[in-house]
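Below: the structure, in structure tokens.
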Amino acid sequence: MIIRRLQEVLGTERDVQAPNGNWASRRLLLKNDAMGFSMHDTVIYAGTETYIWYKNHLEAVYCVAGRGEIKDLETGQVHHIHDGTLYALNGHERHYLTVFEDMRMICVFNPPLTGREVHTKDGYYPIDEVATVQ
Ligand code: 9YT
């Protein structure tokens with residue numbers, strides 16, 4: 001059994017900041033934890049807009065605090081996000097995330113992230129090209 005607390009992750013290799021400052025991703029579970037998925041406690045900051053296209057991953061996101069919206073660029077639909085909202089990108093949808101009030105998100109990735117991935121300029125995480133957290 002793995003027991004891990006956010007407090008233990010903060011400020012370590014598992015605490016990853018977006019280079020553009022839009023988010024902080026605290027990686028509670030990674031590939032080497034052998035769960036078949038990764039799980040992150042992520043904060044996306046108010047006033048930011050982020051283009052994302054997870055072409056290599058499926059991602060489920062559960063918002064537990066804050067307010068924002070997701071624009072699905074495949075359909076043009078905009079969905080409000082707040083405490084208690086889940087979205088699951090089961091079709092690798094390109095999207096924009098716009099944040100009105102810091103959003104705290106529980107993010108699950110399949111396949112799991114391995115360590116310190118950050119978005120490429122095209123908004124995705126590369127696979128098998130990044131440093132792994134041991
Ligand atoms: C919701 C989302 O995709 N935010 C970007 C950060 C990412 N989810 C992560 O690595 O935690």
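We count ligands from 1, going down the list as the structure has it; atoms in each ligand are counted the same way.
Salt bridge annotation for Arg14-Asp33: present, with a cationic side-chain nitrogen under 4.0 angstrom from a carboxylate oxygen.
Remark: of the listed residues Asp41, Thr42, Asp83, Asp41 is the sole one forming a side chain to side chain donor-acceptor pair (under 3.5 Å) with Arg104. None of Trp53, Tyr54, Tyr51, Tyr124 except one satisfies the ring pair (Phe, Tyr, Trp, His ring centres under 6.0 Å) rule with His119; the exception is Tyr54. Applying side chain to side chain contact (heavy atoms under 4.5 Å, CB included) to Glu74 and the options His92, His95, Arg94 leaves one that passes, Arg94.
Below 30°, between 30° and 60°, or above 60°: for Phe109 and His40 the angle between ring planes is below 30°, a parallel geometry.
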In a simple table, one pair per line, please give the protein and ligand 1 atom names for every N or O pair closer than 3.5 Å, along with the distance.
from, atom 1, to, atom 2, distance (Å)
ligand 1, 3 (O), Tyr54, OH, 2.9
ligand 1, 3 (O), Glu59, OE1, 3.4
ligand 1, 3 (O), Glu59, OE2, 3.0
ligand 1, 8 (N), Glu59, OE2, 3.0
ligand 1, 10 (O), Ser25, OG, 3.2
ligand 1, 10 (O), Arg27, NH2, 2.7
ligand 1, 10 (O), His40, ND1, 3.3
ligand 1, 10 (O), Tyr125, OH, 2.6
ligand 1, 11 (O), Ser25, OG, 2.7
ligand 1, 11 (O), His40, ND1, 2.9
ligand 1, 11 (O), Thr42, OG1, 2.6

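Pairs of residues two or more places apart, or lying in two chains, that qualify as salt bridge (Lys or Arg N to Asp or Glu O under 4.0 Å) and include a residue from residues 54-73 are Arg67-Glu101.
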